[in-house]
Amino acid sequence: MSTIQVRDDNGVRIITFNRPDKRNAINLQMYTQLTEYLIQGESDNEIRAFMFRGQADCFTSGNDVADFLQNSGLGVEHPAFRFLFCLLDLQKPVIAAVTGAAVGIGTTMLLHCDLVYADNSAKFQLPFVQLALVPEAGASLLLPLAIGQAKASELLMLGESFNADDAFTYGLINKVVSSESIFDYTLKRAHQLASQPPISLQSTKKLIRYNKEEVRKQMERELKEFEQRLASDEAKAKFAAFLKR
């Protein structure tokens, strides 16, 4: 069974993280699939919106650490960063349904989504500093813009988890939805997006979103620093301890 599932539903491409035995940790093969499904959907006129989801108990726990360390030669062509830059460049709207763990990239990718809904089980976390790394996905720029420098510094520097109510208060998600209806509700919203005039919708997204070139430059700066941190003795010790758990 594929670790990334995709199906198209009335103009919405639903992309599901499907590796529950690993808490939906994303490996490089999954990143490659994610990027391919996004590129295909972006060029398909029948697809009007994208929706990300996981299972009822987990969105994604972030990177598959062991796989990432075995393929740690970073750059813009690395599968993880190809996915992130692809997210940045999407013209069609992106919506997410968050349940359970949303760790690392599970949180930072939401900064590139246009609508985000979560249930009360959602737990967000940005543990980059705890792993002796730095943020990615432009989070060092986008998070302060979204919630202010003080709160962004707290979330990024301390790396403590926060719940759906907190995320709503910070303005990172649109609504907290019951666990029973989170997927149906989010898909309904996705269908509403898909039913809008597509060119007008995409133009509106472009107008209200951030300066892509500024974010791209910040992502490239993050990538260089991330690569240096990943090669450090500090990070190697953190990851060795993590893998022994």
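Within 6.0 Å of CZ in Arg19 there are more than 12 heavy atoms belonging to other residues, nucleotides or ligands. Lys188 NZ: 12 or fewer foreign heavy atoms inside a 6.0 Å radius. Counted within 6.0 Å of NZ on Lys238, heavy atoms from surrounding residues, nucleotides or ligands total 12 or fewer; the atom is thus considered open.
The backbone N or O of Ala235 lies less than 3.5 Å from a partner atom in the side chain of Ser232, making a donor-acceptor pair. Between the side chain of Asp64 and the backbone N or O of Asp67 there is at least one donor-acceptor pair closer than 3.5 Å.
Sequence neighbours left out, the pairs with a member in residues 90-142 that pass ring-ring contact (aromatic ring centres under 6.0 Å, His included) are His112-Tyr210, Tyr117-Tyr185, Phe124-Phe162.
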Derivation and outcome, salt bridge (Lys or Arg N to Asp or Glu O under 4.0 Å), residues Glu220 and Lys224: CA-CA 6 Å; Glu220 290 170 351; Lys224 290 179 181 178; over 6 Å; no
Verdict with reasoning, Asp89 to Arg216, per salt bridge (Lys or Arg N to Asp or Glu O under 4.0 Å): CA-CA 9 Å; Asp89 287 330; Arg216 190 184 312 279; 2.6 Å; yes
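Closest heavy-atom contact between Pro93 and Arg48: CD-O, 3.3 Å.
For Asn174, there are no side chain to side chain donor-acceptor pair (under 3.5 Å) partners at least two apart in sequence or on another chain. In this structure, the side chain to side chain donor-acceptor pair (under 3.5 Å) partners of Asp8, at least two apart in sequence or on a different chain, are Arg13.
Phe83 and Val103 end up in different hydrophobic clusters when Ile, Leu, Val, Met, Phe, Trp and Tyr side chains are linked at under 4.5 Å.
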